[in-house]
Novice: 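Sharing a structure, written as structure tokens. Questions coming.
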Amino acid sequence: MAVKKPAAKSNVSAEELLGYYRDMLLIRRFEEKAGQLYGMGLIGGFCHLYIGQEAVVVGLEAAAKEGDKRITSYRDHGHMLACGMDPKGVMAELTGREGGYSKGKGGSMHMFSKEKHFYGGHGIVGAQVPLGAGLAFSDKYKGNDNVTFTYFGDGAANQGQVYETYNMAMLWDLPVIFVIENNKYAMGTSVQRATRSPSLWERGAAYGITGEEVDGMDVLAVKAAGEKAVAHCRAGKGPYILEVMTYRYRGHSMSDPAKYRTRDEVQKMRSERDAIEHVRELLLTGKHATEDDLKNIDKDIKAVVNEAAEFSKESPEPALEELWTDIYA
Amino acid sequence: MATEVLMPALSPTMEEGTLAKWLVKEGDTVASGDIMAEIETDKATMEFEAVDEGVIGKILVEAGTEGVKVNTPIAVLIAEGEEVPAAGATAETAPAPAALNREEGKVASPATAAPVPAAPKADTTPDWPEGTKMKTQTVREALRDAMAEEMRSTDEVFVMGEEVAEYQGAYKITQGLLDEFGARRVIDTPITEHGFAGIGVGAAFGGLKPIVEFMTFNFAMQAIDHLLNSAAKTLYMSGGQMGCPIVFRGPNGAAARVGAQHSQCYAAWYSSIPGLKVAMPYSAADAKGLLKTAIRDPNPVIFLENEILYGRSFDVPDLEDFTVPFGKAKIWREGSDLTIVSFGIGMTYALEAAERLAKDGISAEVLDLRTLRPMDTDAILASVMKTNRLITVEEGFPQSSVGNYITSVVMEQAFDYLDAPVINLCGKDVPMPYAANLEKLALVTTDEVVEAAHKVTYR
Ligand SMILES: Cc1ncc(C[n+]2csc(CCOP(=O)(O)OP(=O)(O)O)c2C)c(N)n1
Ligand SMILES: [Mg+2]
């Protein structure tokens, strides 16, 4: 497989690389399993897979500390796994069962974990952007040094509320990192068909916000950019924008036939730029791991994912009384 | 170990499809992510990817087959060098999804569940102890005091909105707050309702108790997505984890001569949303007591004020910590011939009408709902069971009005007590006109309430 020759990254430890490999592989295998369960009718409705984008959340989580918050859109499974939420609870929410993070009442697009500071899971395009700034506002108000990772797509980046939020976030020096996951498409609309802006992160300049473009298929590059952004926020300098260039391999959701791009385009990304293959190469060429070590990791992860799938099938549907609970606190 | 590949469901509604084309043949090796087949659903042709790796041992459904049911085995995947198992001796199959019994899933709503409801009783405990010292205050002052008191007691409470700080509030409701609490807690925003409503909701998720002022509720239309989709529904969607203690407040409804885009009552809109609480005070005492309750409530509260009422004076109890509970109507006037139910500025017309009706010898009982969600339907029912006649008065549009909802509750639970059809008085079914004479016609009036009272009492 022709993976772009990785730049020498001497300061990365084997342990660290293996961790990224494991975390990214968990997301990929989890998502493949979710796709399979969807095919079997166990998962219903909308289900947006994160396959291809794994390096974005794994790289950024590597730059986070305990107490930091994250919030994203409906394409949220990867974010939840990366911040340490239990695959069983996530999968059981996908199947709408009692053991899910929202007791089966939220589904794929609406999941939360106060414990892991994961604030959803939001189904309305762009809504999480001011919400994320609000979370950052709460930390600044309380006077701690937490930051909030606010993820949104290239399509969401054209929403008016994003720019309302940029303005206020900068005005009030909010510790928020706006992470634009530019996977090149908003459903079937390519970035070029949605805007004439040459880049999305540069729009922040209009509000005085610093930012940069990041190679989202290189987990180490994402981590490095994340650390820079985090340092900026923690130093009280206000928001930071990361436009992370990535790619989703699957359709927008399970029911997208993806006719707006060629099979070759997808195949080329997969074979030349795959983020997991990249780390695999680093591990093998750097003699940090053997093929056998990696096979064992694969096996472990398959077991975790299968366990999650089993749990998500066995966990009962929520009790009927649940219909009437959680409407008011 | 051989694995059956099943016909996938490729959309939320797909039950069967056409296996249009195989892109692999028996003996081919596949890895996860390889495209194996093209499947046509009623909407589109979709590519079907392999999830497991292995060798295509057998293709069970030929290309071109129509009407293949979801979950039918379409191929068998085997490991390198393995034999294809004989038909029937089934390989490991992923279990079929548990059939969901939709009938069983039905739950009767509480509104229709109890066949014989206990006779409703109005909670008539007084809002403040007898002998409490009273002071005269405007609604404006009462609202400001409510916020200031809650801000003094809890650092988590802050106010955000356009012109709330340095300008002291577009309608001077936040007067003096900046001086007392500083710019950290009294925050001027740009004119970006969608953005700051979302920031407020996010701050509430983060553990603060924001008071978001809309200069008027007409502008909350730009933010309504966050009020409904982000604030009202998240507790439910998170299975109870993530509440949103926030107050959205500001003037609602017609002011005077400001035209159609600035003169709409949103009471019916917000009161139809589960997850929201909706308060709409009339008097200064209620404005104060309800706003303090709203700020303390762990849920999102829509607090609908009225510009015309801001300057009106009422008696307010001179208590250190005066609150009014949600879901408790106030009986302003007891009566025996008919019940008039209203809220907010509608109370002005209801009370004026009751006064005039008394002179004609008609005794009207006047109920102020104070909160629309929760709504004190017990108080309405108890009153209707006594007077047997009902009028509702509000400023909003007639179709899908709050009065319409009240009428349905009374029909369902007190039909036999009614001696006349219920009348819902509302604003007229037109956008608010600007011309003074037309505006007067568009609003509900005391005359109309009096007339309706004569109608339902047949006198
Ligand atoms: C306000 C709103 N409009 C439209 C939709 C339907 N919709 C859901 S996702 C989506 C595309 C968003 O693309 P992008 O922001 O690039 O994120 P991605 O799906 O690529 O992660 C659309 C149009 C929605 N959910 N909300
Ligand atoms: Mg996109």
Side-chain angles (χ1 to χ4, degrees), chain A residues 32-33 35-36 38-42 44-46 69 71 100-106 110-114 119-124 127 129-135 137-139 141-142 160-161 164-165 167-168 171 249 254-255 257-259 263 270 313 317 320 323-329, chain B residues 6 8-12 14 32-33 35 41 43-47 49 51 70-71 94-98 100 105 107 110 158 184 187 189-190 192 194-208 225-226 229-230 234-243 245 274-275 277 298-299:
Chain A
E32 286 166 356
K33 182 59 85 178
Q36 200 178 26
Y38 191 94
M40 290 160 61
L42 280 159
F46 287 125
K69 300 180 167 61
I71 186 166
Y101 266 98
S102 298
K103 304 184 208 158
K105 290 159 68 164
H110 312 293
M111 255 183 271
F112 307 80
S113 168
K114 255 206 159 139
Y119 287 82
H122 294 270
I124 306 293
V129 180
L131 297 175
L135 290 166
F137 179 99
S138 72
D139 280 321
Y141 189 93
K142 291 174 193 163
Q161 61 182 320
E164 299 189 5
T165 303
N167 188 46
M168 286 181 272
L171 187 65
Y249 296 171
M254 291 305 296
S255 45
K259 293 293 167 209
R263 202 174 280 173
R270 278 191 129 149
K313 293 177 202 167
E317 291 188 278
L320 298 186
L323 180 64
W324 300 104
T325 66
D326 305 324
I327 298 166
Y328 293 103
Chain B
L6 305 180
L10 295 167
S11 80
M14 175 175 166
S32 92
I35 297 155
T41 70
K43 292 192 199 79
T45 303
M46 308 273 296
E47 289 169 349
E49 293 181 6
V51 176
V70 165
N71 276 339
L100 305 184
V107 176
F158 70 95
R184 173 174 169 264
I187 301 158
T189 65
T192 48
H194 197 185
F196 71 72
I199 288 180
V201 173
F205 290 164
L208 302 185
D225 174 51
H226 283 298
N229 279 319
S230 303
T234 301
L235 185 73
Y236 197 79
M237 296 192 305
S238 67
Q241 285 184 76
M242 198 129 333
K277 293 191 176 180
N299 300 287

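What you see is a predicted model, and the numbers here were worked out from it, not measured in a lab. Each chain gets a letter, A, B and so on, in the order its sequence line appears, and its residues count up from 1.
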Novice: Counting heavy-atom pairs under 4.5 Å to chain B, which of A:His110, A:Lys69, A:Met111, A:Lys103 comes out on top?
Specialist: A:His110
Novice: Examine whether an atom of A:Leu135 lies under 4.5 Å from a heavy atom of chain B, and if so say whether it belongs to the side chain, the backbone or both; otherwise answer neither.
Specialist: both
Novice: What residue in A:Ala329, A:Gly106, A:Gly121 has the most heavy-atom pairs under 4.5 Å with chain B?
Specialist: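 Most heavy-atom pairs within the cutoff with chain B belong to A:Ala329.
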Novice: Does any N or O in the side chain of A:Tyr328 come within less than 3.5 Å of the main-chain N or O of B:Gly275, such that one atom is a donor and the other an acceptor?
Specialist: yes
Novice: Given a strict heavy-atom distance threshold of 4.5 Å, which part of B:Ser230 is in contact with chain A: side chain, backbone, both, or neither?
Specialist: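 Just its side chain gets close to chain A.
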Novice: Looking only at heavy atoms, which two atoms of A:Lys142 and B:Gly207 are closest? And how far apart?
Specialist: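 The answer is NZ-CA, 4.2 Å.
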Novice: What part of B:His194 gets closer than 4.5 Å to chain A, counting heavy atoms only: side chain, backbone, both or neither?
Specialist: both
Novice: Between B:Pro274, B:Gly206, B:Ala44, which shows the greatest number of heavy-atom pairs under 4.5 Å with chain A?
Specialist: B:Gly206
Novice: Which residue out of B:Pro298, B:Pro245, B:Ala204 racks up the most heavy-atom pairs below 4.5 Å with chain A?
Specialist: B:Pro298
Novice: If you tally heavy-atom pairs under 4.5 Å against chain A, which of B:Thr234, B:Asp225, B:Asn229, B:Ile35 wins?
Specialist: B:Asp225
Novice: In terms of heavy-atom pairs under 4.5 Å, which option from B:Val70, B:Val201, B:Thr45 contacts chain A the most?
Specialist: B:Thr45
Novice: Tell me every residue that passes side chain to side chain donor-acceptor pair (under 3.5 Å) with B:Thr189, counting only those two or more places apart in sequence or in another chain.
Specialist: none
Novice: State which residues pass salt bridge (charged side-chain N to carboxylate O under 4.0 Å, His left out) with A:Lys105; sequence neighbours excluded, sorted by chain then number.
Specialist: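 Expected list: A:Glu322, A:Asp326.
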Novice: With a 4.5 Å cut-off on heavy-atom pairs, point out which of A:Ser113, A:Gly104, A:Gly100 contacts chain B the most.
Specialist: A:Ser113
Novice: Any idea which of B:Gly240, B:Pro8, B:Ala9 has the most non-hydrogen atom pairs under 4.5 angstrom with chain A?
Specialist: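 Heavy-atom pair counts peak at B:Ala9.
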Novice: Report the option among A:Ile124, A:Leu171, A:Thr165 that has the most heavy-atom pairs separated by less than 4.5 Å from atoms of chain B.
Specialist: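 Ranked by contacts with chain B, first place is A:Ile124.
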Novice: Does the plane of the ring in A:Tyr119 sit parallel, tilted or perpendicular to the ring in B:Phe205? Use 30° and 60° as the thresholds.
Specialist: parallel
Novice: At a 4.5 Å cut-off on heavy atoms, which part of B:Gln241 comes close to chain A: side chain, backbone, both, or neither?
Specialist: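 The answer is both parts of B:Gln241.
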Novice: Would you indicate whether the side-chain heavy atoms of A:Glu164 and B:Pro190 approach each other to under 4.5 Å?
Specialist: no
Novice: Let me confirm one number: the CZ-CD1 distance from A:Phe137 to B:Ile187, rounded to the nearest 0.5 Å.
Specialist: 3.5 Å
